[in-house]
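Reckoned from all heavy atoms, side chains included, excluding hydrogens, waters and symmetry mates.
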Amino acid sequence: LGRGSPGVYEALTALQEVRDELLRLNVFLALQLLGNTRLADLNRLLNALETPDNATSEMATEILSSRGSDFSEALKPRLVSLLENPSQDLMSRILRIFNNLADMDETLAGKLVQVFPAMDRQNRINTLKLLARMDNEGKMILQLCLDCLGDSEPTIIKEGLICATKYRQSFEQYNYLIIPLLSHADEETRLLAVSLIKGACKTGTNCITPLIELLNDPSDKVRIVAASALGSLGGSSEEALEALSRTLKHEDERLRLSCVSALKIIGRQKSYKVIPVLEKALEVQADIRTQRIIAGAIKELKGINSLKQ
């Protein structure tokens, strides 16, 4: 309410000398709202950031998060020094401040990578998200993603998979880390692993068998995405073609339709192999909707075939 009113700034700055730390921080917050937080306040804010009093440290975090970019060149080296041996609470507050800095640089990112193993679960998750946002090529974060895939914590594995998806073009050589996750006990982990395999596995040779096994997964979602992945990767595999053909008889309609879509993708390159499979499936298919979808796929592939000829 005091913006533009005479004497407000002077009255607030006079309160900065009081002993009550929380009152001083509320003064900083008021000055921030007035647009008058200054570099000279930085030491007090950083000291408050480290205090064991939660209300005080939280207020300091809020101020530094919202105004840190105003004096980031002075703030960044101080935050790096705080990362030398931080508590998990302090680490969490520093990450919140980093997340709002407009000019995160490689020095800060490198320090986060260095202290990553000592972080607790939530701080590691927040660090992955922060680094993924700024590291477009995966130079700093790729190794962290790989480490996460071998973690014992399901939540960390999932975050590693989510992070790795951004850099999936670099992951084909690490398929040996992803393939075991296709049989992980957690459904979401299996789904993420299939998605990553689909984007990272260019040749598909060592991915086909575990994907075929997922056509019998207890989760309908996993079965459907596995069929889709086989359509993308299984074009040169007789084993994939046979598995998709068998699964056209499955009781789950959505899985049957996913198999038709997968076979259609393969058929665009190898229609001479896929059309007979679909025609045979059409003869024994009892479900009218599935019959219609299969017939449409056959017609489309025959049209592509005639254009090629």
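- Side-chain atoms of Lys76 and Thr107 form no donor-acceptor pair, as typed in the model, at a separation below 3.5 Å.
- Across all non-hydrogen atoms, the minimal contact from Ile294 to Leu278 is CG2-O, 3.4 Å.
- More than 12 non-hydrogen atoms from other residues, nucleotides or ligands lie less than 6.0 angstrom from CD of Glu153.
- At least one donor-acceptor pair closer than 3.5 Å links the side chain of Ser261 to the backbone N or O of Leu257.
- Under 4.0 Å is where a charged nitrogen must lie from a carboxylate oxygen, and between Lys111 and Glu84 at least one such pair does.
- Salt bridge present: Glu58 and Arg96 bring a charged side-chain N and a carboxylate O closer than 4.0 Å.
- Hydrophobic clustering of Ile, Leu, Val, Met, Phe, Trp and Tyr side chains at less than 4.5 Å, counting indirect connections, keeps Ile265 apart from Ile208.
- In this structure the side chain of Leu79 reaches within 4.5 angstrom of the side chain of Leu46, judged on heavy atoms.
- A donor atom on one side chain and an acceptor atom on the other are found under 3.5 Å apart for Gln143 and Asp147.
- A continuous path of Ile, Leu, Val, Met, Phe, Trp and Tyr side chains, each step under 4.5 Å between heavy atoms, connects Ile162 with Met134, placing both in one hydrophobic cluster.
- Side chains of Cys207 and Asn175 form a contact here, defined as non-hydrogen atoms less than 4.5 Å apart.
- Just one residue in the list Leu214, Asp217, Ile224 forms a side chain to side chain contact (heavy atoms under 4.5 Å, CB included) with Val194, and that residue is Leu214.
- Listed by first and then second residue, the salt bridge (Lys or Arg N to Asp or Glu O under 4.0 Å) pairs that reach into residues 126-141 are Glu137-Lys139, sequence neighbours excluded.
- The two residues Leu149 and Gly160 come nearest to each other via the heavy atoms CD2-C, 3.9 Å.
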* Could you walk me through whether Ser57 and Arg93 pass side-chain contact (heavy atoms from CB on, under 4.5 Å), step by step? => CA-CA 8 Å; Ser57 59; Arg93 292 194 287 273; 3.5 Å; yes
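- Judged purely by atom type and a 3.5 angstrom limit, Thr247 has no side-chain atom pairing as donor or acceptor with the backbone of His250.
- Considering only heavy atoms from C-beta on, Thr56 stays 4.5 Å or farther from Leu49 through its side chain.
- A 4.5 Å side-chain heavy-atom check between Leu301 and Leu263 finds every atom pair outside the cut-off.
- Ile125 and Leu131 are members of different hydrophobic clusters when ILVMFWY side chains are connected at heavy-atom separations under 4.5 Å.
- A salt bridge is defined here as a Lys NZ or Arg NE, NH1 or NH2 lying under 4.0 Å from an Asp or Glu carboxylate O, and Glu188 with Lys221 fails to meet this definition.
- We find the CG-CG distance between Leu177 and Leu181 to be 8.0 Å, quoted to the nearest 0.5 Å.
- Using a 4.5 Å cut-off on side-chain heavy atoms (C-beta onward), Cys163 and Ile141 make contact.
- Annotation: the span from Leu64 atom CG to Arg78 atom CZ amounts to 10.5 Å, rounded to 0.5 Å.
- Between the Ser92 side chain and the Gln88 main chain, no donor and acceptor come within less than 3.5 Å of each other.
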* To do: Would you check, one step at a time, whether the test side chain to side chain donor-acceptor pair (under 3.5 Å) holds for Lys198 with Ser228?
  => CA-CA 9 Å; Lys198 186 177 177 180; Ser228 174; 2.8 Å; yes
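- Of the inter-residue distances, the one linking Leu130 atom CG with Leu112 atom CG reads 6.0 Å to the nearest 0.5 angstrom.
- Across every non-hydrogen atom of Leu83 and Pro86, the tightest pair is O-CD, 3.2 Å.
- Judged as a salt bridge (Lys or Arg N to Asp or Glu O under 4.0 Å), and not counting sequence neighbours, the contacts of Glu238 are Lys273.
- Residues Gln285 and Asp287 are in side-chain contact: their nearest non-hydrogen atoms beyond the backbone lie under 4.5 Å apart.
- Follow the hydrophobic side-chain contacts under 4.5 Å out from Leu241 and you never reach Val284; the two are in separate clusters.
- Within the model, atoms CG of Asn126 and CD of Glu159 stand 8.5 Å from one another, a figure rounded to the nearest 0.5 Å.
- Looking at Asn123 and Asp120, their side chains do bring a donor and an acceptor atom within 3.5 Å of each other.
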* Going through the checks in order, is the side-chain contact (heavy atoms from CB on, under 4.5 Å) test met by Lys264 and Val274? -> CA-CA 8 Å; Lys264 193 161 64 171; Val274 173; over 6 Å; no
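- Side chains of Phe116 and Cys148 form a contact here, defined as non-hydrogen atoms less than 4.5 Å apart.
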* Should Arg256 and Lys249 be marked as a side-chain contact (heavy atoms from CB on, under 4.5 Å) after you check the CA-CA gap, both sets of side-chain angles, and the distance that decides it? -> CA-CA 7 Å; Arg256 293 197 303 270; Lys249 302 172 186 175; over 6 Å; no
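- Rounding to the nearest 0.5 Å gives a distance of 3.5 Å between CE of Met119 and OG1 of Thr127.
- In this structure the side chain of Leu255 never reaches within 4.5 angstrom of the side chain of Asp220, judged on heavy atoms.
- Across all non-hydrogen atoms, the minimal contact from Pro154 to His184 is CB-CE1, 4.5 Å.
- When the options Val277, Ile293, Leu282 are evaluated for a side chain to side chain contact (heavy atoms under 4.5 Å, CB included) with Ile298, the one that passes is Leu282.
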* List the steps and the verdict of side-chain contact (heavy atoms from CB on, under 4.5 Å) for Arg190 and Ser219. => CA-CA 10 Å; Arg190 297 197 302 278; Ser219 164; 3.8 Å; yes
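- A continuous path of ILVMFWY side-chain contacts below 4.5 Å connects Val115 to Leu75, so both sit in one hydrophobic cluster.
- The two residues Ser65 and Asn100 come nearest to each other via the heavy atoms O-CB, 3.1 Å.
- Between Ile197 atom CD1 and Leu161 atom CG the span is 10.0 Å, to the nearest 0.5 Å.
- Without hydrogens or angle criteria, Ser183 side chain to Pro180 main chain gives a donor-acceptor distance under 3.5 Å.
- Counting all heavy atoms, side chain and backbone alike, Leu142 lies closest to Tyr174 at CD2-CE1, 4.4 Å.
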